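Here's the structure we're looking at; comments come further down.
Throughout, residue positions are numbered sequentially from 1 according to the sequence presented. Given the structure is predicted, the values throughout are model-derived calculations rather than measurements.
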Amino acid sequence: MNKIADTAKILQNVNLGENITIEDYVIIGAPPAKRNEGELKTVIGDNAIIRSHSVIYAGNIIGNNFQTGNNVNIREENTIGNNVSIGTKTVVEFKTKIEDNVRIHSQAFIPEYTILKEGCWIGPNVVITNARYPKSLKAKEFLEGVVIEENAKIGANVTILPGITVGKNALVGAGSVVTENVLPDKVMAGNPIKIVKDVQSLEYPNGEKAYSGEK
């Protein structure tokens, strides 16, 4: 049974799964510019929790066990997998691909054409960019999406420049400016970014490994 607040607004051509909670002042199925209400199909799978004041535009296809924080904005025509969590005040622009088991923390910015692969982790206040020359004459024609590969982890307040690939299992240190591709299984940090060490070498103060058995 779905629990939908009286103040929530579910527009035309929205297909909701089962056991969904939609809190106050949520809008689902908002048409983007130059589209009519109901023109784009919107799908949200089972067991979703959409917290108050979130807006999900039309054309999103979202899997099971999805949840948002408050005031999340998800633009149109994204593909979002199962077990995805998007934190408070995060913005996801249109035509992104977010695979299963991705965690995006609060106040992140995920622009057009970004690909977040399975199990990756995006820390708070991360900014991903896609315009090499903002407001240039052909900026929109030359947008370059960022790819965050499987199980990569992006620390808080990181900025990632257009066209970058962050490799599988990599870790990007907090506050870094990512100006080049991040190698798989490496820790990279700084402004500009540089290799620090291997992910598998990271240990807690007691000598216990921080990461082990990542695929």
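At least one donor-acceptor pair closer than 3.5 Å links the side chain of Thr90 to the backbone N or O of Gln107. Listed for the Asp46 side chain is no donor-acceptor partner under 3.5 Å among the backbone atoms of Asn64. A donor-acceptor pair under 3.5 Å links the side-chain atoms of Asn60 to the main chain of Arg75, judged by distance alone. A donor-acceptor pair under 3.5 Å links the side-chain atoms of Lys153 to the main chain of Asn151, judged by distance alone. Under a 3.5 Å cut-off, the side chain of Asn78 and the backbone N or O of Glu93 do form a donor-acceptor pair. Without hydrogens or angle criteria, Glu99 side chain to Lys117 main chain gives no donor-acceptor distance under 3.5 Å. Formation of a donor-acceptor pair under 3.5 Å by the Ser176 side chain with backbone atoms of Gly190 is found in this model. Side chain of Asn2 to main chain of Gly17: a donor-acceptor pair is present (N/O by atom type, distance under 3.5 Å, no hydrogens or angles). Between the side chain of Asn206 and the backbone N or O of Glu208 there is at least one donor-acceptor pair closer than 3.5 Å. Between the side chain of Glu76 and the backbone N or O of Gly59 there is no donor-acceptor pair closer than 3.5 Å.
A distance of 4.5 Å separates CG of Asn19 from CG of Asn47, quoted to the nearest 0.5 Å. If you take CD1 on Ile104 and CD1 on Ile128, they are separated by 7.5 Å, rounding to the nearest 0.5 Å. In this structure, the separation between OG1 on Thr21 and CE on Met1 is 10.5 Å, given to the nearest 0.5 Å. Distance check: Ile122 CD1 to Leu116 CG gives 5.0 Å after rounding to the nearest 0.5 Å. Here the NZ atom belonging to Lys168 is positioned 8.5 Å from the CD atom belonging to Glu149, to the nearest 0.5 angstrom. For the atom pair CD1 of Ile98 and OG1 of Thr114, the computed distance is 8.5 Å after rounding to the nearest 0.5 Å.
Ser52 pairs with exactly one of Asn70, Thr7, Asn71 by the side chain to side chain donor-acceptor pair (under 3.5 Å) rule, that one being Asn70.
Listed here is the closest heavy atom pair of Gly123 and Ala108: O-CB, 4.3 Å. Between Pro31 and Ala58 the shortest heavy-atom distance is CA-CB, 4.4 Å. Minimum interatomic distance between Pro192 and Thr179 (heavy atoms only, all atoms of both residues): CB-OG1, 3.5 Å. Closest of all the heavy-atom pairs between Pro111 and Thr96 is O-CG2, 3.2 Å. Ile61 and Lys41 make their closest contact through CD1-O, 4.1 Å (heavy atoms, listed as atom of the first residue, atom of the second, distance). Contact between Gly29 and Thr42 at its shortest, heavy atoms only, is CA-OG1, 4.1 Å.
Heavy-atom contacts from other residues, nucleotides or ligands closer than 6.0 Å to NZ of Lys209 number more than 12.
Side chains of Arg51 and Val72 form no contact here, defined as non-hydrogen atoms less than 4.5 Å apart. By the 4.5 Å heavy-atom criterion applied to side chains, Trp121 and His105 are counted as neighbours. Proximity of Ile22 to Leu16: side-chain heavy atoms (C-beta onward) are separated by under 4.5 Å at one or more points. In this structure, Tyr57 and Asn73 have side chains that are in contact, with non-hydrogen atoms separated by less than 4.5 Å. Inter-residue side-chain proximity for Thr129 and Phe109 is flagged as unmet; no heavy-atom pair is nearer than 4.5 Å. Annotation: side chain of Met188 is in contact with side chain of Glu180 (closest heavy-atom distance under 4.5 Å). Counting heavy atoms from C-beta outward, Val166 and Cys120 have side chains that stay 4.5 Å or more apart.
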Practice task
Evaluate the side chain to side chain contact (heavy atoms under 4.5 Å, CB included) criterion for residues Ile148 and Ile160: first the C-alpha distance (whole Å), next the side-chain angles of each, then the deciding distance (0.1 Å), finally the verdict.
Solution key: CA-CA 10 Å; Ile148 311 296; Ile160 303 178; 3.9 Å; yes
Practice task
Test Ile56 against Ile44 for side chain to side chain contact (heavy atoms under 4.5 Å, CB included), laying out the working first.
Solution key: CA-CA 10 Å; Ile56 300 175; Ile44 300 177; 4.1 Å; yes
Problem - Trace of the side chain to side chain contact (heavy atoms under 4.5 Å, CB included) decision for Lys89 with Ser106 - result: CA-CA 6 Å; Lys89 295 186 178 179; Ser106 298; 5.9 Å; no
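Residue pairs that meet the salt bridge (Lys or Arg N to Asp or Glu O under 4.0 Å) test with at least one member in residues 2-27, sequence neighbours left out, do not exist here. Note on residues 122-135: pairs passing salt bridge (Lys or Arg N to Asp or Glu O under 4.0 Å), not counting sequence neighbours, are Arg132-Glu144.
Cluster membership check: Val84 shares its hydrophobic cluster with Val126, using side-chain heavy-atom separations under 4.5 Å among Ile, Leu, Val, Met, Phe, Trp and Tyr. Taking hydrophobic clusters as Ile, Leu, Val, Met, Phe, Trp and Tyr residues chained together by side-chain heavy-atom distances below 4.5 Å, Ile4 shares a cluster with Ile28. Ile50 and Tyr25 fall into different hydrophobic clusters, where Ile, Leu, Val, Met, Phe, Trp and Tyr are joined by side-chain heavy atoms under 4.5 Å apart, directly or via other members. Taken together through direct or relayed side-chain contacts under 4.5 Å among Ile, Leu, Val, Met, Phe, Trp and Tyr, Val172 and Val102 form part of one hydrophobic cluster. Linking Ile, Leu, Val, Met, Phe, Trp and Tyr whenever their side-chain heavy atoms come within less than 4.5 Å leaves Val199 and Ile193 in two separate clusters.
At a cut-off of 3.5 Å, with distance as the only test, no side-chain donor of Asp100 or Asn83 sits close to an acceptor on the other residue.
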